[in-house]
2 protein chains.
Amino acid sequence: MMSEKEQLNTEQKILEAAKKVFIDKGFDGARMQQIADEAGINKALLHYYYRSKEKLFDTIFFDAFNQFMPKIGELMMSDLPLFDKIRGFVGHYIDTLIAFPHLPVFVLYELKRRPEKIVDQLKNSGIKPRVISQFLKKEIENGTIINIEFSSLIVNMIGLCLFPYVGRPIIEGFLFDGDKEAYDLFLEKRKVLVAEFIINAIKKN
Amino acid sequence: MMSEKEQLNTEQKILEAAKKVFIDKGFDGARMQQIADEAGINKALLHYYYRSKEKLFDTIFFDAFNQFMPKIGELMMSDLPLFDKIRGFVGHYIDTLIAFPHLPVFVLYELKRRPEKIVDQLKNSGIKPRVISQFLKKEIENGTIINIEFSSLIVNMIGLCLFPYVGRPIIEGFLFDGDKEAYDLFLEKRKVLVAEFIINAIKKN
DNA sequence: GTCTATATCGGGATAGAC
DNA sequence: GTCTATCCCGATATAGAC
């Protein structure tokens with residue numbers, strides 16, 4: 001009986017392995033040999049499918065990035081009440097992070113090597129800051145929330161979601177005495193806590 | 001007339017150069033040759049002062065880390081009112097980030113390679129989570145703030161300060177259309193905005 | 001202490017058999 | 001498509017002259 005991994009074809013095995021190694025080690029830290037080992041093949045075959053390390057990396061990276069930037073465009077531009085949008089965003093974002101906890105550091109690190117390409121990707125994502133910004137202005141005029149720029153709000157939201165993941169080794173070690181289970185619980189609870197924290201911060205009265 | 005750099009002795013020049021290159025490229029991405037060039041010496045001399053790349057890196061890293069983790073122990077454990085502590089923390093933290101904007105990604109990335117050592121450093125920093133936690137409990141009992149764990153609060157605070165720096169390439173490109181000056185202004189304004197955001201989020205009524 | 005020259009090795013990439 | 005063997009460059013590290 002074949003294991004699940006053995007049922008994959010070679011290209012899929014390579015992609016799985018590359019994803020794992022690149023995300024864990026970054027481009028510079030990753031080794032083609034390790035990817036080959038992980039995929040149960042040899043180095044030469046990697047080059048047969050993807051001519052270079054760079055090419056293979058690109059495939060992985062943009063795939064990862066699209067997972068990392070959740071499909072929240074529709075959510076943000078829907079006609080849900082603002083506070084529900086915030087809850088939806090935070091919940092969805094943290095769910096993604098729980099599924100792929102190593103993605104953020106990977107993406108942020110690689111971001112320094114090629115910011116342009118990534119910004120281009122985002123611009124093609126269909127998310128329109130202007131539209132959301134207008135929506136926010138209306139809520140401010142209505143008096144539901146305090147005066148805040150969209151850029152501020154979104155940066156705050158992402159920062160609050162993200163940091164527990166990128167900073168996990170420090171926080172878990174220092175504040176949770178290395179208690180992995182306690183930290184997982186902490187992360188899970190933040191799905192609600194972060195949304196309420198944000199709403200508290202911006203709601204009038 | 002000597003430039004400022006030429007007045008430094010060799011060891012200082014090496015440390016300056018290494019700091020620059022390591023922080024910019026990370027351990028794996030950094031090249032001893034580039035460090036030597038930057039310092040205006042040759043590779044052999046690097047090894048004369050620091051036997052290996054790893055040794056040189058360690059020196060830089062722990063130095064950088066101590067800058068990155070601002071000396072906020074005293075501030076946090078002082079007898080200032082809570083909201084002033086928060087303002088002080090955010091202001092000080094963001095000032096540090098403005099001075100060393102590339103530190104966070106560097107520290108977070110390298111953190112994955114050696115979490116233990118860094119947590120040890122923190123534990124020797126003199127900051128006592130328990131003490132601050134107790135202080136927070138009192139404020140909750142007094143009714144000044146809503147019920148919140150210290151771990152949540154500090155993670156939120158750091159996350160809010162940090163993200164605009166680690167995510168700068170994306171945010172600046174996507175939300176600010178690459179306008180560097182506008183982004184610097186945005187960062188500067190956050191010194192006040194973030195503190196008030198946090199205070200709003202936790203204060204009762 | 002500082003240099004030039006070189007040893008050594010690891011890793012990405014290719015050639016070529018099957 | 002998949003393998004083994006090998007090329008070749010770049011990077012760390014060392015030897016040794018001055």
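Keep in mind that what you see is a predicted model, and the values were worked out from it rather than measured. Here is how names work: the chains are called A, B, and so on, in the same order as the sequence lines, proteins then strands, and each is numbered from 1. Note: hydrogens, waters and symmetry copies are ignored here, and every other heavy atom, side chains too, is used.
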Exercise. Does any donor atom in the side chain of Y109(B) or E110(A) lie under 3.5 Å from an acceptor atom in the other side chain?
Worked result: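 The answer is no; no qualifying pair exists.
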From [atom1] of [X] over to [atom2] of [N], roughly how many Å is that when rounded to an integer?
X: Q34(A); N: dG10(C); atom1: CD; atom2: P; value: 15 Å
X: I14(A); N: dG12(C); atom1: CD1; atom2: C1'; value: 15 Å
X: K25(A); N: dG12(C); atom1: NZ; atom2: P; value: 12 Å
X: F57(A); N: dG11(C); atom1: CZ; atom2: P; value: 18 Å
X: D28(B); N: dG12(C); atom1: CG; atom2: P; value: 12 Å
X: K55(A); N: dA13(C); atom1: NZ; atom2: P; value: 10 Å
X: Q33(B); N: dT14(D); atom1: CD; atom2: P; value: 17 Å

For this session: Measure from the ring center of F186(B) to the ring center of F176(B) and say whether it is less than 6.0 Å.
Result: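 Centroid distance F186(B)-F176(B): below 6.0 Å, so yes.
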Exercise. For Q33(B) and D37(B), what are the C-alpha separation, side-chain angles and deciding distance, and is it a side-chain hydrogen bond (donor to acceptor under 3.5 Å, both in side chains)?
Worked result: CA-CA 6 Å; Q33(B) 184 62 59; D37(B) 291 347; 3.0 Å; yes
For this session: Taking only heavy atoms on the protein side, list every residue of residues 40-54 of chain A lying under 4.0 Å from any atom of DNA chain D, sorted numerically.
Result: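 Those residues whose heavy atoms fall under 4.0 Å from DNA chain D, taken from residues 40-54 of chain A in numerical order, are I41(A), N42(A), A44(A), L45(A), Y48(A), Y49(A).
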Exercise. Among all residues two or more places apart in sequence or in another chain, which pass the side chain to side chain donor-acceptor pair (under 3.5 Å) test with D95(B)?
Worked result: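 Residues passing side chain to side chain donor-acceptor pair (under 3.5 Å) with D95(B): K191(B).
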For this session: Before giving the answer on side chain to side chain contact (heavy atoms under 4.5 Å, CB included), spell out for M76(B) and F150(B) the whole-Å C-alpha distance, their side-chain angles and the decisive distance to 0.1 Å.
Result: CA-CA 12 Å; M76(B) 292 302 269; F150(B) 170 65; 4.2 Å; yes
Exercise. With a 4.0 Å cut-off on heavy atoms, is A36(B) in touch with a base, just the backbone sugar-phosphate, or nothing at all?
Worked result: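 No contact at all - A36(B) keeps every heavy atom at 4.0 Å or more from the nucleic acid.
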For this session: Using atom types as modelled and distance alone, determine if a side-chain donor or acceptor of R168(B) lies under 3.5 Å from a backbone N or O of F163(B).
Result: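 Pair absent, no side-chain N/O of R168(B) close to backbone of F163(B).
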For this session: Would you please confirm or rule out a distance under 4.0 Å between OP1 or OP2 of dG12(C) and any side-chain N or O of R31(A)?
Result: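 Answer yes for this pair, as a side-chain N or O of R31(A) is under 4.0 Å from OP1 or OP2.
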